[in-house]
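Scroll down for the structure; my scribbles are underneath it.
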Protein chains: 4
Amino acid sequence: MAKLRVGILGSTGTVGQRFCQLLEDHPQFEISALAASDRSVGKPYSEACPWKLKTPMPKNVRDIEVVPITPPLDCDFVFSSLPSGVAREAEESFARAGYPVISNSSCFRMEEDVPLIIPEINPEHIGLIDVQRHKRGFDRGFIVTNPNCAVMSFAPPLAALDRAFGVKEAIVTTLQAVSGAGYPGVASLDIIDNILPYIAGEEPKAETEAQKILGSFSEGSIEKAEFTVSAHCFRVNVVDGHTASVRVNLNSTSTLEGVIDAMREFPSAGLHSSPERFIEVCEEPSRPQPRLDRNNGRGMTITVGRIFPDNVFDYGFVALSHNTVRGAAGAAVLNAELLIDRGVI
Amino acid sequence: MAKLRVGILGSTGTVGQRFCQLLEDHPQFEISALAASDRSVGKPYSEACPWKLKTPMPKNVRDIEVVPITPPLDCDFVFSSLPSGVAREAEESFARAGYPVISNSSCFRMEEDVPLIIPEINPEHIGLIDVQRHKRGFDRGFIVTNPNCAVMSFAPPLAALDRAFGVKEAIVTTLQAVSGAGYPGVASLDIIDNILPYIAGEEPKAETEAQKILGSFSEGSIEKAEFTVSAHCFRVNVVDGHTASVRVNLNSTSTLEGVIDAMREFPSAGLHSSPERFIEVCEEPSRPQPRLDRNNGRGMTITVGRIFPDNVFDYGFVALSHNTVRGAAGAAVLNAELLIDRGVI
Amino acid sequence: MAKLRVGILGSTGTVGQRFCQLLEDHPQFEISALAASDRSVGKPYSEACPWKLKTPMPKNVRDIEVVPITPPLDCDFVFSSLPSGVAREAEESFARAGYPVISNSSCFRMEEDVPLIIPEINPEHIGLIDVQRHKRGFDRGFIVTNPNCAVMSFAPPLAALDRAFGVKEAIVTTLQAVSGAGYPGVASLDIIDNILPYIAGEEPKAETEAQKILGSFSEGSIEKAEFTVSAHCFRVNVVDGHTASVRVNLNSTSTLEGVIDAMREFPSAGLHSSPERFIEVCEEPSRPQPRLDRNNGRGMTITVGRIFPDNVFDYGFVALSHNTVRGAAGAAVLNAELLIDRGVI
Amino acid sequence: MAKLRVGILGSTGTVGQRFCQLLEDHPQFEISALAASDRSVGKPYSEACPWKLKTPMPKNVRDIEVVPITPPLDCDFVFSSLPSGVAREAEESFARAGYPVISNSSCFRMEEDVPLIIPEINPEHIGLIDVQRHKRGFDRGFIVTNPNCAVMSFAPPLAALDRAFGVKEAIVTTLQAVSGAGYPGVASLDIIDNILPYIAGEEPKAETEAQKILGSFSEGSIEKAEFTVSAHCFRVNVVDGHTASVRVNLNSTSTLEGVIDAMREFPSAGLHSSPERFIEVCEEPSRPQPRLDRNNGRGMTITVGRIFPDNVFDYGFVALSHNTVRGAAGAAVLNAELLIDRGVI
């Protein structure tokens, strides 16, 4: 079976690099076009891109000439990891030109007609695509998004609890890795022997996206879940891996065992890039740790630990997600696999 | 006026070193005895102590010969920064032998007859000393304690809010510096490119000490404050400075301005080591930061920022305290100054 | 073909863990015995070992019960990563009991009758085994060693230059990762926002081992190479990967191209764990970097960069080696593969 | 006595901030003008400057309105910490307009008629000022420079050895702090769990400036010292403090005691900002360390340790200097104090 040909918008950034890494040996996709900003256009990718990943740049992308971020692009669909400033216009123009756009950018996530998807949780939200096409006058193209990288650490365990017991409210503090800010991103002078108590624009995303993801889709629209989330977002001295400290109130009573089982047994999506377990629960009190656990399930597993009854809310736990894999490029790849599985691409 | 002569129990550890540093030019105290474990006994302090502070070891302690942790000790009172394992027996024996013991150890903090004091908040709790002497049969000696270093970051702003509006409950996540674990303490392999989601024994202290500190003293006993605290304690890649992310529910309504004013105007204790401001409120969203703010007020100020109405609770904020100064040695020194001011020593 | 059954002495340390990781799917070896100090004996490995590697503990070792470090051991030969204090007696007793001992410890490296081997450089030194057996009265057993982890970063490029042009002298400064000190090893308080200018016992090893490795074996003994090495060894804030800054004087003239080619074309040993290239030369001025290059060749490649004519000596370059793979466990595994290839095991 | 009024060119950068900090309570200078690039002009300094130092921004500069980097400026002389790109034109225009320019920039350092001064070593080089005025047609103005921050770590001990024994050649490897790259400077992704083996443009400065500083001034020109230096410059995960690993060959024989004494007894310049000791020699093998020793002598002392006979050269040692104090702003302030002392300003 022929592979689908993929274009990457914003291909030289940290998330763009992850796309190249994750798609190196992908059975369904092959990279055919790499788009980036003007200063990269015309150069071979190996020259345009300040590669920062630990595995070497895949051979199949080294010689691809970087092209501008405008349609047409030589591909069947596009992944986008464009910065917010340019994403809105570029992604809409690609969708309008007939390309499915699987976006990691934040600009369309909360629009009423744009699906915000985690395949294990709300695959049925892809039904919004028809609404979107109709509303925006798209023909074959559309836009599908994945959540913010911080949300990806705590939305999965909240989803497990919401299904099993109903979530009433959650208070979250995130400890986020520097790779989430891209490159050059966080200055070393700001993070050595230090933490930063604020990430611009992050907390509103963390407080709203989960309700949409856990909302119900019916009659062409999504009704958001009713719980509320409070988020404090910190930057810490970690390369990859966002950790969330979570306290949650539930709508119905539950045992500790019930809480653990709800997470552990949350089913995988069964797609190519799906990890064996969507949520892994560890029992040692000192886990999860970013350096030791971020690569669980090749970076696609959410690792949860320290699940206990809480002094103020019903339960507390700590959740970890690899922010540039499961929280960004890997999330988009999984969404693309879902769309193929459902016949949308 | 002659200075009081001070002994330090556990003088070679990270907190013991801070005592030496803070007392170098103190107008009321001079160090006359340094006690430590057997392997240090008999050596000059300069040889026994693996000095880790940025300022050089004070000249006045270099040649003092380290003695065992048993009374009698050549001093008027003692500061103790003994590890939990040995603190209980040693501190009690010093109190019994007639020495005031100003302790940074955790073992007696929650005992009913032992004051747990932050001079700005609950100086009247020193009234417990009489109860303690009577109950334990101490003559001139007694034990006074200061709080856990994590508690010191968030108890002061909670105290400000409790006085002004009443605190109902608080959910806290702490990001704690490695110096809190002493030396050698946290292994570098555990903290480079990493965080640790668990600090053994820390959360129970963080969840109980504030209620005692904010409790009311009457008729010879303390009635604890009624709010509840939930604490998640993390270790992060920071040398000094514990940061707390706090969400709080209040008993009465308040404006944001009222909350800020309550903190900012909380009065100083007016003692020698008191900072100009007990609580400093910063307005830039990216503050407080440990590396930039831990030394505010020579390490004795609590710095608070990001005060906002919260999505789930009434308010959220971030608080920072220098863990080995205000959260340990400096807290004990301030307690000693209080006891002198009140005529107890 | 049946796999050889392997015992690991010092199996719970950082290098012991690497042995378990590297041998997980090895075609020639399977782990049959794990030995460690008394406090681990009797426990399953999964419980006795504080696993610190990023990949999970291999399933095939989790349930093995840890046994004492004394023969007999249920295996065909042993790898040893014992600390210096106990290595000498234990390794000799295993060799005497008939076991081939492939050791990463330093105690026997410089003994006249013990081969110190890098398979790509001096495989012929295994001829010393007969001398050793005769001298020490060993029957089937023997001891073979691999170099110190710092030496492993610069000895390979020096070997390439020595073969091609003759090395006269070298001045080396190493920047070594904290994993080289084992666990808990370097205290975080000593390395955050800091470097350490001294590693106890390291510089003498770095200054003497290369001459033995590059020495010639004839008539039953090794004549050491004649060049001299000066080494300054620093500890830096890096998890894995030792970097060496090297300046070298040669015995004969050479061009820059000649120097680069000598390194690049140094042949691989062609063994199972051999990397495709023994020495990889990178051309970007900002490489090699530990985080980006330590895993080249699955941690078995030496990466060299910044090769230039020097202002004082003939040439300068920077060399990097993964200290717990190529510089420790991987080196020993490669030595075992060499010994099998040559029919010695 | 009235203080001289000082202007700072490049006042908002990391070195500009150090100038403000060091001049806060200076008895001879007061800041009267702060100049910076266009995007800061017109704002109060407190708003224009991303202050990154641990002590708070001095009150006396907070409200000064930032002005453009063009004469005239309301001051008696200027300190310059301009980036290389703009320094040449701006500094020359200030000198031509009659201002003494004390520059930390690199552009004029190696020009024949510009003094490159360390007051303890070559104060007589200020004689070049007359030559410079004559050659460039300056009237009252002139340009005086201080060395590169890496050079400042090893040039002082080399100067001590050169005076006592003659230096023939030196091989240096520097481990430099991130603050040397300014702000934002080094990206956190490049330095967490990593080192960088290259700093653009640094090695040529490190290899040439010491010869000029140690050169002799006679008949209106400087004859450079004859020794050669080889430098490898690394960036490491340290906030402040450049460390140099040095091996040196001398022209005459010396004892280890002689070498140590030559450093320890190198006289101070006796100026206001001079440290008690120019070079401090520590004896513990694990010192100097950046975090513990960079603030020796309020950041103005060079700390040297690990002085030993070397295996290849005559001696080796490790030297440390605070790169933004003694290696930048503090060096310029000391030069200004020298010029006043000698009646040149």
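Every chain is numbered from 1, with letters handed out A, B, ... down the list of sequences.
- Against chain A, the residues from residues 284-299 of chain B that qualify, each with a non-hydrogen atom under 4.5 angstrom away, are B/P285, B/S286, B/R287, B/P288, B/Q289, B/P290, B/R291, B/R294 in number order.
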* side chain to side chain contact (heavy atoms under 4.5 Å, CB included) evaluation trace for B/V318 with A/F234 -> CA-CA 10 Å; B/V318 172; A/F234 288 74; 3.8 Å; yes

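- Within residues 226-233 of chain B, the residues approaching chain A closer than 4.5 Å by heavy atoms are, in numerical order, B/T228, B/V229, B/S230, B/A231, B/H232.
- Of the two parts of B/A170, only the backbone, made up of N, CA, C and O, holds a non-hydrogen atom closer than 4.5 Å to a non-hydrogen atom of chain A.
- When each of B/T173, B/T174, B/V172 is paired with A/S245, the side-chain contact (heavy atoms from CB on, under 4.5 Å) condition holds for B/T173 and for no other.
- Contacts with chain B (heavy atom to heavy atom, under 4.5 Å) involve these residues of residues 191-207 of chain A, listed by number: A/I192, A/D193, A/N194, A/I195, A/L196, A/P197, A/Y198, A/E203, A/E207.
- The interface of residues 235-244 of chain A with chain B, defined by heavy-atom distances below 4.5 Å, comprises A/V236, A/N237, A/V238, A/V239, A/D240, A/T243.
- Remark: B/K224 NZ is loosely packed, at most 12 non-hydrogen atoms of other residues, nucleotides or ligands lying under 6.0 Å away.
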